[in-house]
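Right, one structure below, let's go through it.
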Amino acid sequence: MADEPASLDELPEIPNELAREHPEVWEQYSDLGRACAEAGPIDGETKRLVKLALAIGAQSEGAVHSHVRRGLEEGVDPETLQHVATLSIPTLGFPTAMAARSWIDDELE
């Protein structure tokens, strides 16, 4: 599971600016993400789905887009990605889940 873009050019504009202006901050942030990903036994696809669920729970459209794109690149089935949004209905509420579905659809189109 790749938790960081291959190059800064793959980042959205704002994080790209931060990474270019403060490379040491970006490097530490990337190292933290890598260390967290390696800290336990969860397999790659499950990690991606958990991270998608956390992004949905945080109502972070950009993070949902990012984890869907990465999931698709890693071979996660689109129906599986949408299922994460459906699973969020009882916990996060219908409006949040519908927003998540629309954000997932943005990347599936």
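Residue pairs meeting the salt bridge (charged side-chain N to carboxylate O under 4.0 Å, His left out) criterion with at least one member in residues 96-109, sequence neighbours excluded, are Arg69-Glu107.
Enclosure of atom CD in Glu79 is not indicated, since only 12 or fewer non-hydrogen atoms of other residues, nucleotides or ligands lie within 6.0 angstrom.
In this structure a side-chain-to-backbone donor-acceptor pair under 3.5 Å is missing from Thr91 to Ser88. Looking at Ser66, its side chain never comes within 3.5 Å of a backbone N or O of Gly62 through a donor-acceptor pair.
For the pair Glu38 and Lys47, the tightest heavy-atom approach, listed with the atom from each and the gap, is N-NZ, 4.4 Å.
Hydrophobic cluster membership of Ile56, counting Ile, Leu, Val, Met, Phe, Trp and Tyr whose side-chain heavy atoms lie under 4.5 Å apart directly or via other members: Leu49, Leu52, Val64, Val68, Leu72, Val76, Leu81, Val84, Leu92, Trp103, Ile104, Leu108.
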Evaluate the side-chain contact (heavy atoms from CB on, under 4.5 Å) criterion for residues Asp31 and Glu27: first the C-alpha distance (whole Å), next the side-chain angles of each, then the deciding distance (0.1 Å), finally the verdict. CA-CA 6 Å; Asp31 289 347; Glu27 182 178 336; 4.0 Å; yes
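The CG atom of Asp43 lies 11.5 Å from the CZ atom of Arg48; values are rounded to the nearest 0.5 Å.
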